[in-house]
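It should be emphasised that the depicted structure is a prediction, and the values quoted were computed from it without experimental measurement.
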Amino acid sequence: MKLFPIRGGIHPDYRKELTSEKAIVALPLPAALYIPLQQHIGAPAEVLVAEGEMVKKGQMIARNQGAVSASQHAPTSGRIRTVTEVTAPHPSGLPQTTVILEPDGKDEWGELPEPIADPFAADAHAINGRVARSGIVGMGGAAFPSAIKLNLGEQKKLDTLLLNGAECEPYLTCDDRVMREYPDEIIDGARIMAHALGTPRIVICIEQNKPQAIEIMTRAASTFAAIEVIPVPVQYPMGSERHLVQAITGIETPARKLTADLGVVVHNVSTARAVHHAVRFGRPLVARVVTVSGGALREPKNILTPIGARVADLVEFCGGFSARPESVVNGGPMMGQPLPSLDVPVVKGTSGILALTAEEINDRPASACIRCGSCVTICPCGLSPVEMSAFIRKDNLEGAAKLGVMDCFSCGSCSYVCPSHVPLVHYFNYAKGALNDLERERSKNERIKTLAEVRIIRIEKATEAKRAALAARKPASDTASPGNSPSSNSDEAKAATDEKANA
Amino acid sequence: MIASMLIAIGSLTAIGIALGTILGAAARYFAVKESPLEEELKAMMPGSQCGQCGFVGCAQYAAALAKGEAPITLCAPGGKVLIESLSQKLGVAADLSGLEEKGPEHAFIIEDLCIGCTRCIRECSTDAIMGANKLMHTIIVEACHGCSKCVPVCPTDAIMMVPVKVTLRNWHWPKPEVENTHTEPGVVHAH
């Protein structure tokens with residue numbers, strides 16, 4: 001198959017050899033699991049269990065609520081210690097509502113939904129429903145609820161399901177290992193997903209630096225004519241879904257559009273495996289493979305981790321630190337975010353935990369931009385980091401937005417190549433957050449305005465009605481009792497909130 | 001010859017005078033009373049008519065701004081965002097020095113102290129307070145825009161302003177602090 005070139009990109013030192021030959025090993029059950037209610041993009045799940053309750057493995061402990069959300073399940077059997085605020089695996093170090101589960105050591109499965117006997121005869125809704133019920137989210141890192149992405153077939157005309165096994169981030173090898181060890185599960189999951197989406201074709205993209213995975217997956221896929229395994233060039237950020245789609249179709253996804261608009265839906269290989277488990281066995285997503293690596297770690301490993309194990313448990317399982325880590329990163333070294341502490345849980349979107357030494361990070365003070373243009377040459381989105389950062393430094397966020405800072409997906413290539421070590425991607429992360437803040441402020445102001453207008457109209461109507469009543473009953477005393485107005489006020493406040501919600 | 005010239009000049013003059021009169025009359029009788037700038041400024045205001053700027057409502061403050069009679073920093077609910085957009089619109093330098101650096105706030109009712117007098121409910125211009133007579137009141141945070149008009153009317157001092165909480169949803173990275181992105185002149189790096 002003909003591949004199309006993608007723009008820019010870099011070739012960092014991959015350092016995958018630290019873990020690429022290490023088979024997946026299961027983490028011994030830790031003393032407690034910390035399961036956050038929000039491990040995904042969208043609304044947090046609604047908790048279903050209370051302190052002291054006994055749960056079985058796979059039992060739903062928090063239900064998805066709202067349009068975009070995902071449910072959470074008990075990763076093992078045990079007792080709910082409490083539901084409380086615990087530091088999130090997020091650079092802010094802010095707390096989030098978390099269910100704390102004490103395993104009883106039996107690891108007993110609870111009652112699971114019936115397996116779907118013949119998924120290829122089943123309705124797409126049945127499969128999507130099962131995926132949603134199993135709490136599956138994108139396991140490549142973004143953690144977007146998968147069932148919603150599997151519904152895209154209803155709204156758009158799709159022709160390809162693209163399975164992302166590129167794993168272009170340095171250090172990470174979890175997808176590589178899953179492809180090598182469970183190829184048939186991935187292929188089966190992919191076929192089920194393609195059936196739900198209604199796509200005739202499945203393409204599995206793997207970077208050429210994983211020859212074993214390519215070979216094993218090609219062999220596993222050889223019996224299915226619709227599946228094609230495509231080795232893609234080693235070029236960061238090849239694993240970005242927009243860039244993979246561009247590599248196989250030659251079409252760049254327009255800004256603020258989805259790859260589904262081009263007829264392609266992208267899912268991670270591990271997500272396909274989770275779908276296989278959910279559909280064939282009724283098992284929800286309760287564990288994932290995490291690459292624990294980095295120069296500061298004594299024994300890097302690929303670990304099958306129950307959701308909610310603490311990062312500290314993983315580090316301990318890897319023999320602890322051999323050197324002082326300068327930073328512990330959640331995800332890959334390029335796009336990963338620093339962790340506030342080791343006492344945070346592994347969640348569904350955690351693909352890697354990296355303990356990096358000072359040499360590996362190579363953090364140096366920024367000096368002046370020499371306008372070499374390297375960042376412009378390598379930007380895979382065709383943006384101009386040098387100009388955008390100059391605007392942001394001078395607090396002209398609008399100017400940066402006009403240059404397209406919102407289309408930056410923070411791959412970090414510009415910061416990587418900058419000879420002056422200007423923290424370019426940091427500027428863009430800040431600008432994107434600040435621009436989102438402004439947008440939120442704007443929409444809130446709109447809402448407030450509507451509320452105020454509705455209130456004025458209501459008060460006018462009320463005075464009008466009072467006057468009419470007064471006129472009708474000529475010299476009657478003021479009939480409006482003071483108790484009435486506030487209660488009607490609160491009723492209408494509710495009505496106004498509903499109105500706002502509808503708007 | 002001269003006659004035809006005079007006819008041409010005369011007719012053009014007549015047309016000029018007639019059109020000028022019509023235009024003049026139109027300008028007088030069909031004039032837009034509000035300046036378009038005032039309308040635009042009004043649209044930028046929060047529109048909650050809280051009156052904290054010292055004017056009766058948002059429209060009056062907008063009018064004063066349009067005439068250049070009021071500073072752009074008076075609107076409390078609009079906050080820094082409004083001040084910045086006003087300074088861009090009006091070309092006035094935003095003087096943020098007098099403004100204490102405080103983030104967005106919302107009202108909070110200490111429920112143990114609330115006696116259910118409904119005074120704050122009557123004061124709230126966005127219906128952000130729920131409650132009834134002799135029943136505890138509470139703030140609908142999404143509808144509160146932090147004008148703090150409810151604070152002084154409370155007979156039991158049960159209302160206070162609290163900063164809007166930073167959560168995982170609205171947190172974002174701060175601006176990176178780069179000390180020296182421009183090499184100072186005269187600094188020569190020895191090699």
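- A 4.5 Å side-chain heavy-atom check between B/Ser125 and A/Arg455 finds at least one atom pair inside the cut-off.
- Between B/Ala143 and A/Leu451, the closest heavy-atom pair is CB-CD1, 3.5 Å.
- Note that CG of B/Leu82 and CZ of A/Arg442 are 11.5 Å apart. Values are rounded to the nearest 0.5 Å.
- Using a 4.5 Å cut-off on side-chain heavy atoms (C-beta onward), B/Pro176 and A/Tyr427 make contact.
- Side chains of A/Asn436 and B/His172 form no contact here, defined as non-hydrogen atoms less than 4.5 Å apart.
- Annotation: the span from A/His426 atom NE2 to B/Glu177 atom CD amounts to 12.5 Å, rounded to 0.5 Å.
- Residue contact with chain B, scored on non-hydrogen atoms closer than 4.5 Å, involves the backbone and the side chain of A/Ala43 alike.
- Not a single donor-acceptor pair under 3.5 Å links the side chain of B/Lys175 to the backbone N or O of A/Ala431.
- Contacts of A/Leu438 with chain B are made by side-chain atoms alone, with heavy-atom separations under 4.5 Å and no backbone atom involved.
- B/Thr167 touches chain A through its backbone: at least one of N, CA, C or O sits under 4.5 Å from a heavy atom, while the side chain does not.
- In this structure, the portion of A/Gln337 lying under 4.5 Å from any heavy atom of chain B is its side chain and not its backbone.
- When side chains are defined from C-beta on, B/Trp173 does not count as touching A/Ser92, because their heavy atoms never get closer than 4.5 Å.
- Residue contact with chain A, scored on non-hydrogen atoms closer than 4.5 Å, involves the backbone of B/Cys144 exclusively.
- Comparing A/Leu94, A/Asp395, A/Ile456 by how many heavy-atom pairs each has under 4.5 Å with chain B, the most go to A/Leu94.
- Under the 4.5 Å side-chain criterion, counting only non-hydrogen atoms from C-beta, B/Glu142 is not in contact with A/Lys444.
- Here B/Met44 contributes atom CE and A/Lys449 contributes atom NZ; the two are 9.5 Å apart, rounded to the nearest 0.5 Å.
- Atom CD in B/Gln88 sits 7.5 Å away from atom CG in A/Asn396 (nearest 0.5 Å).
- When all heavy atoms of A/Ile448 and B/Pro46 are compared, the pair lying nearest together is CG2-O, 4.3 Å.
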